[in-house]
Asks: 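Can you read through this structure? Questions will come right after.
Below, read A as the first sequence line, B as the second, and so on, with proteins coming before strands; counting in each chain starts at 1. Heavy atoms only: backbone and side chains are in, while hydrogens, waters and symmetry mates are out. Note that the structure is predicted; figures quoted are calculated from it, not measured.
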Protein chains: 2
Amino acid sequence: MRTLTVEVMVFNVRAGALETLLVRGPGNVWGLAERPVSPGRGLAREAEAALAEQTGVRGAELEQLFTFDRDDAHVATVGYLALISAERHPVTPGQDVVEVRWFRTDDLPDLRPEQAEALQYATERLRAKASYAPVAFVLLPDLFSMGELQSVYEAILGSSLDARNFRRDVLAAGVVEAAGRTRSGGPGRPAQLYRWRGGGFSVVPSERRVARAMGTDRE
Amino acid sequence: MRTLTVEVMVFNVRAGALETLLVRGPGNVWGLAERPVSPGRGLAREAEAALAEQTGVRGAELEQLFTFDRDDAHVATVGYLALISAERHPVTPGQDVVEVRWFRTDDLPDLRPEQAEALQYATERLRAKASYAPVAFVLLPDLFSMGELQSVYEAILGSSLDARNFRRDVLAAGVVEAAGRTRSGGPGRPAQLYRWRGGGFSVVPSERRVARAMGTDRE
DNA sequence: TCAAAAGTGTTTCTCTTACACCCATGT
DNA sequence: ACATGGGTGTAAGAGAAACACTTTTGA
């Protein structure tokens, strides 16, 4: 009696590109982490469970996206959106899962058309969300440079930002504080490091709107 | 086996106030139009059916809002939002319905707490929607004055707008055309009448954003 | 003649964007 | 030396908000 399921669309940013987490089941077909809903447990809880069971990812922030029609036996599915750092959340295939892998969002394997559509919608919502909620901090380590912060936003928004405006607006928004340290590491001048300060993390956006959104409380 | 239901939150503007349509069932308790979902019919279709059966309202534009957790027997409910003109849509109680009535949104009867919460959320979403979608035209007759258009927006947004800015921005957006007639009727100088021209109808909004939003296509 | 709604432009301020050069390190 | 990313300020244009008075009707 699988009348209702949940499914989870998970995103990450790596090397300046947006990535999606998919699972490959016994049928050798890639798809989203999903799970039938049992009464009394709460939809968000079920979505967390689906994600934990099938990919090993725990503790992600989930946001309900949309409830999609499905076929006759499987009436509907409630889609959830999550944004996590791949480094902090190693994935391990659960039972009934052959493989779990990140795919670049612009280069996905074949998916069932409903899921491809749902992912398309999720990408749009994630972009919109970046302009009103401080979405990037879950993806970054505790200390990060302005350049890293900016490139996370560029990957999510799919467009490039002006570094001077970005820096000015982020600092003016006061959502970030200088850690007082710098990091040399690679080539180029060492970067000042920042840490995020603020309570929590959580449409054609401007740079200032992105910056202001970083100060918004979760949801 | 009522695992999934739909429920419909319907709004209207009358006398400058936002109103909500509620139904009173056999238990003498007020609530939203709702209905269990049968497999294979589509959620939006079911929501339309719930509204038609219980209130007699047909042909409303419905937008999916959110899927809410419910109790154990009744796992979840998918909430839909509709905005209709009370004048154009007379209500008639359906079978199993004792009474159907409009209530001012700021003066609702006792409702089950989940439904009161859902309505609260729907009101916020309606306000947000007014700033990006041309929401008011479903509420107005074919010919209407600037003042009427403005007061519909004021009721939805819950705040007052500057008449000069509103007029300028609405005309500049080109979503409305002068009908060439005026209407005397009440006290005050007769108003120029306008009709809406544009394809279809369908967050802290400014007056210009409201005006621009009137030109947006459905959804 | 009074109350009530309609109509009409301008100004100020803020927000947004575009834009070029020098600095500090690793190789 | 050179390649690479870091760091700094200003100016011009678009968008947003505030604002007061005259006009036309019904009562």
Asks: Please state how far atom CG in B/Asp162 lies from atom C1' in D/dA20, giving the value in whole angstrom units.
Replies: 11 Å
Asks: So if I take every side-chain heavy atom of B/Pro190 and compare against D/dT25, C/dC23, D/dC19, which nucleotide ends up nearest?
Replies: D/dT25
Asks: Taking only Lys NZ, Arg NE, NH1 and NH2, and the carboxylate oxygens of Asp or Glu, determine whether B/Glu34 and B/Arg70 approach each other closer than 4.0 Å.
Replies: no
Asks: Hey, what do you get for OG1 (B/Thr55) to CG (B/Leu32), rounding to the nearest 0.5 Å?
Replies: 11.5 Å
Asks: Using atom CD of B/Glu148 as one end and atom C1' of C/dA5 as the other, report the distance to the nearest whole Å.
Replies: 11 Å
Asks: In whole angstroms, how far is the P atom of C/dG7 from the CD atom of B/Gln150?
Replies: 11 Å
Asks: Could you check A/Arg164 against A/Gly188 and say which one's nearest nucleotide on DNA chain D is further toward the 5' end?
Replies: A/Gly188
Asks: Roughly, in whole Å, what's the span from CG in B/Leu193 to C1' in C/dG7?
Replies: 14 Å
Asks: Tell me whether the side-chain N or O atoms of B/Asn165 pair up with the base of D/dA16 as donor and acceptor below 3.5 Å, since no angle test is needed here.
Replies: no
Asks: Figure out the CZ/C1' separation between A/Arg168 and C/dA18, and round it to whole Å.
Replies: 11 Å
Asks: Taking the six-membered ring for Trp, are B/Trp196 and B/Phe137 parallel (under 30°), tilted (30 to 60°) or perpendicular (over 60°)?
Replies: parallel
Asks: Starting the side chain at C-beta, find the nucleotide from C/dG7, D/dG6, D/dG7 nearest to A/Gln192.
Replies: D/dG7
Asks: Which one of A/Arg104, A/Arg101, A/Arg14 satisfies the side chain to side chain donor-acceptor pair (under 3.5 Å) criterion with A/Glu19?
Replies: A/Arg14
Asks: Nearest whole angstrom, please: distance from the P of D/dG9 to the CZ of A/Phe166.
Replies: 19 Å
Asks: Given D/dG7, D/dT25, C/dA24, which nucleotide is nearest the side-chain atoms of A/Arg167?
Replies: D/dG7
Asks: Should the side chain of B/Arg183 and the base of D/dT25 be counted as holding a donor-acceptor pair, with the cut-off at 3.5 Å?
Replies: no
Asks: Crowded around A/Glu99 CD? As in, over 12 foreign heavy atoms under 6.0 Å?
Replies: yes
Asks: Compare the minimum distances between each of C/dA4, C/dG26, D/dT23 and the side chain of B/Pro187, then state the nucleotide with the smallest one.
Replies: C/dA4
Asks: To the nearest angstrom, how far is B/Leu149 atom CG from C/dA5 atom C1'?
Replies: 15 Å
Asks: Return the value, rounded to whole Å, for the distance between atom CZ of A/Arg189 and atom C1' of C/dA24.
Replies: 6 Å
